[in-house]
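Worksheet for the structure shown next.
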Amino acid sequence: IWILSKGDCLEIHDVDSGNLVHAIKTDQCCSCFAFSADGKRVAAGGVESVEIHNIKTGSVEGRFRLSKMMVSQLAFFPDDMTLAAGGCVGRTASGDIVHGTAMPPKKARSFNDIDIAFLNVKSGKIQKKLQGDRNGVFALHFLEEELLSYHSGGQFRLWNSTEERLKEK
């Protein structure tokens, strides 16, 4: 299969024929997506949300709301039970409030602050959130019990997924 994101729709196509298998309507325009390791699900992320869909049926299997977060990267843990969502939160560089949500200026974080949320696929709950420094997340990949993230400026970080801290820089 291959996927094409068209506005608020994910089109799932057969690789061999190119035929459309499903058109999945999402809550919003998708900025990123990731396949589960077993190939049965696709996660789609955007402004303040992540949705998980069954590839064969197109049905929604889970939804996560991530307040004030622009989800730019997704990665399934190898066992398909945890999904990492990476992105930016807060205000844009010009001070615009993201998606109409107000934040007091003293507590406002720049749109370049990162957050990585660990989402429990089965329970539909956020397990934990990791906060890093001021570099946006451009890629995520699980390596056994650790999460590798790539940031602006060419920086890689290795996070221990069982603890809430950066393992090494």
Side-chain angles (χ1 to χ4, degrees), residues 1-67 69-89 99 114-132 135-152 154-164 166-168:
I1 62 168
W2 58 274
I3 293 185
L4 176 65
S5 178
K6 284 187 167 180
D8 62 352
C9 183
L10 286 179
E11 291 186 354
I12 299 175
H13 294 262
D14 179 78
V15 171
D16 296 327
S17 68
N19 292 336
L20 179 67
V21 176
H22 290 289
I24 299 172
K25 176 94 168 103
T26 59
D27 280 350
Q28 63 181 325
C29 183
C30 299
S31 60
C32 59
F33 55 87
F35 293 101
S36 60
D38 64 8
K40 294 179 181 178
R41 289 179 249 146
V42 62
V47 177
E48 297 186 339
S49 73
V50 172
E51 295 178 4
I52 299 173
H53 297 270
N54 181 296
I55 290 177
K56 285 190 177 184
T57 66
S59 63
V60 176
E61 293 188 356
R63 280 193 175 96
F64 297 89
R65 295 286 170 226
L66 301 168
S67 180
M69 183 175 184
M70 175 61 195
V71 180
S72 60
Q73 294 296 318
L74 294 167
F76 275 95
F77 194 82
D79 68 3
D80 288 336
M81 297 311 299
T82 302
L83 178 69
C88 303
V89 299
H99 216 58
I114 68 161
D115 267 297
I116 298 173
F118 286 81
L119 312 174
N120 185 302
V121 174
K122 192 170 191 170
S123 73
K125 298 188 186 276
I126 298 172
Q127 291 175 321
K128 65 182 167 184
K129 290 180 94 176
L130 304 174
Q131 293 182 341
N135 293 308
V137 177
F138 294 119
L140 291 174
H141 184 74
F142 274 107
L143 305 167
E144 296 180 21
E145 294 294 318
E146 298 165 338
L147 179 70
L148 179 67
S149 59
Y150 175 70
H151 307 266
S152 64
Q155 297 174 323
F156 286 92
R157 291 195 167 77
L158 192 60
W159 301 84
N160 185 324
S161 63
T162 58
E163 298 175 24
E164 295 185 25
L166 185 66
K167 183 177 178 183
E168 61 184 61

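The residues of the chain are indexed from 1 along the displayed sequence.
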Which distance, rounded to the nearest 0.5 Å, do you find between the NE2 of His13 and the CG of Leu20? 5.0 Å
So, taking the atom named CZ in Arg157 and the one named OH in Tyr150, what distance separates them when rounded to the nearest 0.5 Å? 11.5 Å
side-chain contact (heavy atoms from CB on, under 4.5 Å) filter on Asn120, not counting sequence neighbours, yields Lys122, Ser123, Gln127
Run the side chain to side chain donor-acceptor pair (under 3.5 Å) test against Ser59 and tell me which residues pass, sequence neighbours left out. Thr57
What heavy-atom pair brings Ala75 and Leu140 nearest, and what distance separates the two atoms? CB-O, 3.7 Å
Partners passing side-chain contact (heavy atoms from CB on, under 4.5 Å) against Asp38 (at least two apart in sequence or in another chain): Ser36, Lys40, Arg41, Asp80
Less than 4.5 Å apart, side chain to side chain, heavy atoms only: is that true for Phe77 and Leu147? no
Less than 4.5 Å apart, any side-chain heavy atom of Val60 and any of His53? yes
To the nearest 0.5 Å, tell me how far Leu83 CG sits from Leu74 CG. 5.0 Å
Any side-chain heavy-atom pair from Leu158 and Leu143 closer than 4.5 angstrom? yes
Between Val50 and Ala85 the two heavy atoms that sit nearest each other are CG2-CB, 4.2 Å
Side chain to side chain, Phe76 and Val121, heavy atoms closer than 4.5 Å: yes
How about Leu119 and Ile52: do any of their side-chain heavy atoms sit closer than 4.5 Å? no
With sequence neighbours left out, the residues meeting side chain to side chain donor-acceptor pair (under 3.5 Å) with Asn19 are Ser17
Phe118 versus Thr82, closest heavy-atom pair with distance: CD2-CG2, 3.8 Å
Pairwise distance CD(Glu51) to CD(Glu61) - rounded to 0.5 angstrom: 12.0 Å
